[in-house]
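Accompanying notes for the structure given below.
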Amino acid sequence: MASRTRRRGAEHGARGGSSRRHAPEHRARAAAPRRRRVPMRLLLPCLVLVALMAMLMLRGYVHSEILADHRVAPATANDRVPKDVLTGGPVIDTRNGKAATLRVPDDKVVLTFDDGPDPEWTPKVLDALKRNNAHAVFFITGTMASRYPDLVERMVDEGHEIGLHTFNHPDLSYQSKKRIDWELSQNQLALAGAAGIRSSLFRPPYSSKSKNMDNNSWPVTEYIGSRGYLTVVNDSDSEDWRKPGVEQIVRNSTPKKGEGAIVLMHDSGGDRHQTVQALDTLIPQLQSQGYEFRNLTEALKAPSAHTQVTGPELWKGKAWVFLVGASASITSILVVGLAAIGFLVIARFGLMLLLSAMHARRTRRRDFTWGPNAPITEPVSVLVPAYNEAKCIENTVLSLTRSEHPIEIIVIDDGSSDGTARIVEAMGLPNVRVVRQLNAGKPAALNRGLANARYDLIVMMDGDTVFEPSTVGELVQPFADPRVGAVAGNAKVGNKDTLIGAWQHIEYVMGFNLDRRMYDVLQCMPTIPGAVGAFRRSALERVGGMSDDTLAEDTDITMALHRDGWRVVYAEKARAWTEAPESVQQLWSQRYRWSYGTMQAIWKHRRALVEKGPSGRFGRVGLPLVSLFMVLAPLLAPLIDVFLIYGLIFGPTEKTILAWFGVLAIQAACATYAFILDRERLTPLISLPLQQILYRQLMYVVLLQSWITALTGGRLRWQKLRRMGGVSAPPTVPAQDRQILDERPVR
């Protein structure tokens, strides 16, 4: 992956760095006015997210009865039910504008089953009918037929008849004509997709015998007849939904001696064990009395109620059934993903809380020292790569001149066109040197600075970052341990007054610094931030210096040091204040580069998984953790919010809200603990819920776009972030007070 995406010069840079690769021809091209177009790679993640959400909504739509019993004003009709209907048979025909009823001939029984097909009970009902050589009528709902089309097809193949029972099972007495038409058309669409047929039989939900029809249900029956349907109610209600026992179901279903009957039963909606047992008793018993079990049109000796569907209507139905099946499969995958992200979130938070507390207690003990050579007092070379940092460079350099530790400052001007180098030179400060080079990128600038450094300890920072007076001294103290090859400092957001800044502030304190404590204890620190990091010269030279193989050379160099056997640790007191992106577009550009660069670094160092020694240890501990927590978990995290929306719409609403707030509470607890460890004010955490709703989705789309770029072999260019130069270090805390603060116990 790294080899495909590698591009020197204008296309390379490093996370957290302020120098950017812009060759002159690129700058000239950028200066020319052009029409901005949305790149396809930017649209793809959004389209994928919309498609997944649409599939999930489709699944919820056909797996629930969200629209069922959605009652509007009841049908207003003063027409009385015709006497012939009240005293007539259970088959009501109003297709010609007149009411007529039909009865099943004597010695004929039509078994009817409502609310299916059900994946558990419908096959058992069909098996019982087949065992007893009986046909029946199944009044199916569109939601169930869409989910289990194979069962509908089996019904037709085995000679049973299909009737409509609406799509969502609402009480039609409370629905408008538009809603009734919709229920019928969607029910037919599902039937066409499942079995390639239409049906002219219909049974309203919650129907009863014709003698029980009231003035509200009669207008519905008239209207449905005008749409070309026969309405089928019943003569006998088994009341199997009450689960009264097999014997009682048989008694309720048995017609008067010799008379024909339409019997109402159910093959869905709950436990139908008694129904299946009753069939094996009822059918042989009545057959021995001379009864025949036929479907409706067989019993009436009428043309079949089924009509074959062809052409566009058939393909619409098949497409519908396919999409419903696909949505169920995708939802199952998403549920697995949700379980995975739940496990990862809990595991990560648990590890962070446990290991960060261990780290803080160890490093804050009064007798703690980094090693036998403590304290470190030797001078340090500070490298400041800068590309077009005119607004920031003065604050950066001035903050370094206040350092309590002896340093030399080397500003490497990476071909700036805004006078960055001249600003530094005009300051005329001692121990500050400016090294100029043609624009070649941050790794080249750092390597150039390393070649010009006088001392063996090297501190690297960004041109938009400011240090506290104690930062350099705290940053190099871990080198008292000769095994330490690099040190990660505590990078903080300096411009956190805006909402985006506050969100990034939470992310830096919780997601970066709390993580670094955990990785320090596990000895697999993945990244030394470009804004504040320190290295042994010998360690850098052994791994070949800074590399431009990836867009995250800070992650790349950190992994290389681990593989070379060096320890990489975290110095929480080495605080640096950096300027975070202040717009969504700039934040997108930065995080896109970070995510993609991290993937490149993981891919570059993948051989560590199978190597021995320090490299193998990092490969089998560090790489999996980084992949899980920095690549996979953020990719799956939005599933929490996707299922929140799903649960709010389709239920169970209360449990969904409680679950979401439970996850938020865990995050809030970890964030609070991280802020306390870093001695930060808790006020920004007020925006944490909003961050989880909006910011996480942005990070998800960024990561998804990074995946697409990586899988398609795309190339990502550096984009210079616009700096405002408003970041400065907080007021200096006296050394004695700082010691008191730093030695406060962790609770």
Side-chain angles (χ1 to χ4, degrees), residues 350-380 402-407 455-459 467-492 509-510 512-525 528-529 532-536 538-539 558 561-562 565-576 614 617 621-622 670 672-680 729-730 732-747:
L351 277 175
M352 285 196 305
L353 290 175
L354 176 64
L355 300 182
S356 61
M358 290 174 54
H359 179 272
R361 286 192 175 94
R362 175 172 59 86
T363 58
R364 293 182 182 182
R365 294 199 315 263
R366 289 182 180 273
D367 59 345
F368 173 78
T369 59
W370 286 103
N373 300 322
I376 297 295
T377 58
E378 62 185 271
V380 175
R402 303 187 185 102
S403 175
E404 297 170 355
H405 194 91
I407 62 172
Y455 304 116
D456 291 330
L457 297 183
I458 308 296
V459 169
F467 279 8
E468 296 178 4
S470 62
T471 298
V472 174
E474 297 289 355
L475 193 60
V476 299
Q477 291 311 307
F479 291 119
D481 183 348
R483 299 171 298 170
V484 173
V487 183
N490 188 344
K492 292 181 171 295
V509 174
M510 178 185 175
F512 296 161
N513 293 335
L514 204 60
D515 267 356
R516 289 192 179 101
R517 298 176 192 273
M518 175 183 71
Y519 287 124
D520 188 347
V521 174
L522 296 175
Q523 298 183 28
C524 57
M525 183 87 63
I528 297 172
V532 52
F535 303 84
R536 288 189 191 273
S538 58
T558 308
L561 291 172
H562 278 296
W566 293 99
R567 282 192 62 197
V568 180
V569 299
Y570 173 57
E572 62 170 322
K573 301 175 187 176
R575 289 176 284 266
R617 185 190 183 282
V621 177
C670 286
T672 301
Y673 182 68
F675 270 59
I676 292 173
L677 277 185
D678 261 22
R679 300 184 177 88
E680 291 283 352
T732 302
V733 179
Q736 63 273 19
D737 294 341
R738 203 164 53 237
Q739 182 178 1
I740 293 173
L741 288 172
D742 290 338
E743 290 179 352
R744 287 189 305 180
V746 179
R747 299 184 183 278

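Note that the numbering runs from 1 along the sequence shown for the chain. Just so we're clear, the structure is a prediction, and the values are computed from it rather than from any experiment.
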Could you tell me the separation between the [atom1] atom of [X] and the [atom2] atom of [Y], rounded to the nearest 0.5 Å?
{"X": "E378", "Y": "L457", "atom1": "CD", "atom2": "CG", "value": "4.0 Å"}
{"X": "L561", "Y": "R567", "atom1": "CG", "atom2": "CZ", "value": "13.5 Å"}
{"X": "I458", "Y": "F535", "atom1": "CD1", "atom2": "CZ", "value": "10.0 Å"}
{"X": "Y673", "Y": "M510", "atom1": "OH", "atom2": "CE", "value": "13.0 Å"}
{"X": "I528", "Y": "R516", "atom1": "CD1", "atom2": "CZ", "value": "9.5 Å"}

| Does the side chain to side chain contact (heavy atoms under 4.5 Å, CB included) test come out yes or no for D520 and R362, once each step is laid out? | CA-CA 12 Å; D520 188 347; R362 175 172 59 86; 4.2 Å; yes
Taking the side chain as everything from C-beta on, heavy atoms only, tell me whether [X] gets closer than 4.5 Å to [Y].
{"X": "K573", "Y": "S470", "answer": "no"}
{"X": "Q523", "Y": "R617", "answer": "yes"}
{"X": "S538", "Y": "W566", "answer": "yes"}
{"X": "K492", "Y": "D678", "answer": "yes"}
{"X": "R536", "Y": "V476", "answer": "no"}
{"X": "V380", "Y": "Y455", "answer": "no"}
{"X": "M352", "Y": "D515", "answer": "yes"}
{"X": "V459", "Y": "I407", "answer": "no"}

Identify the two heavy atoms, one from [X] and one from [Y], that lie closest to each other, and give their separation to 0.1 Å.
{"X": "F479", "Y": "A486", "result": "CE2-N, 4.0 Å"}
{"X": "P614", "Y": "H562", "result": "CB-O, 3.8 Å"}
{"X": "V532", "Y": "N490", "result": "CG1-N, 3.9 Å"}
{"X": "A480", "Y": "P372", "result": "O-CD, 3.6 Å"}
{"X": "L514", "Y": "C670", "result": "CD2-O, 4.0 Å"}
{"X": "A571", "Y": "P478", "result": "CB-CG, 4.4 Å"}

| task | Could you go through the salt bridge (charged side-chain N to carboxylate O under 4.0 Å, His left out) check for R364 and E572 one step at a time? | result | CA-CA 10 Å; R364 293 182 182 182; E572 62 170 322; 2.7 Å; yes
| said: Donor-acceptor check, side chain of T471 to backbone of R575, threshold 3.5 angstrom: yes or no? | reply: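 Indeed, once roles are kept as given, a pair shorter than 3.5 Å links the two residues.
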| field | N/O donor-acceptor pair under 3.5 Å between Q477 side chain and I376 backbone | value |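 At least one qualifying donor-acceptor pair exists.
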| task | Report the C-alpha separation of Y519 and L355 in whole Å, then their side-chain angles, then the decisive distance to 0.1 Å, and conclude whether the side chain to side chain contact (heavy atoms under 4.5 Å, CB included) test is met. | result | CA-CA 8 Å; Y519 287 124; L355 300 182; over 6 Å; no
| task | Give the C-alpha distance, both sets of side-chain angles, the deciding distance and a yes or no for side chain to side chain contact (heavy atoms under 4.5 Å, CB included) between W370 and V484. | result | CA-CA 9 Å; W370 286 103; V484 173; 5.7 Å; no
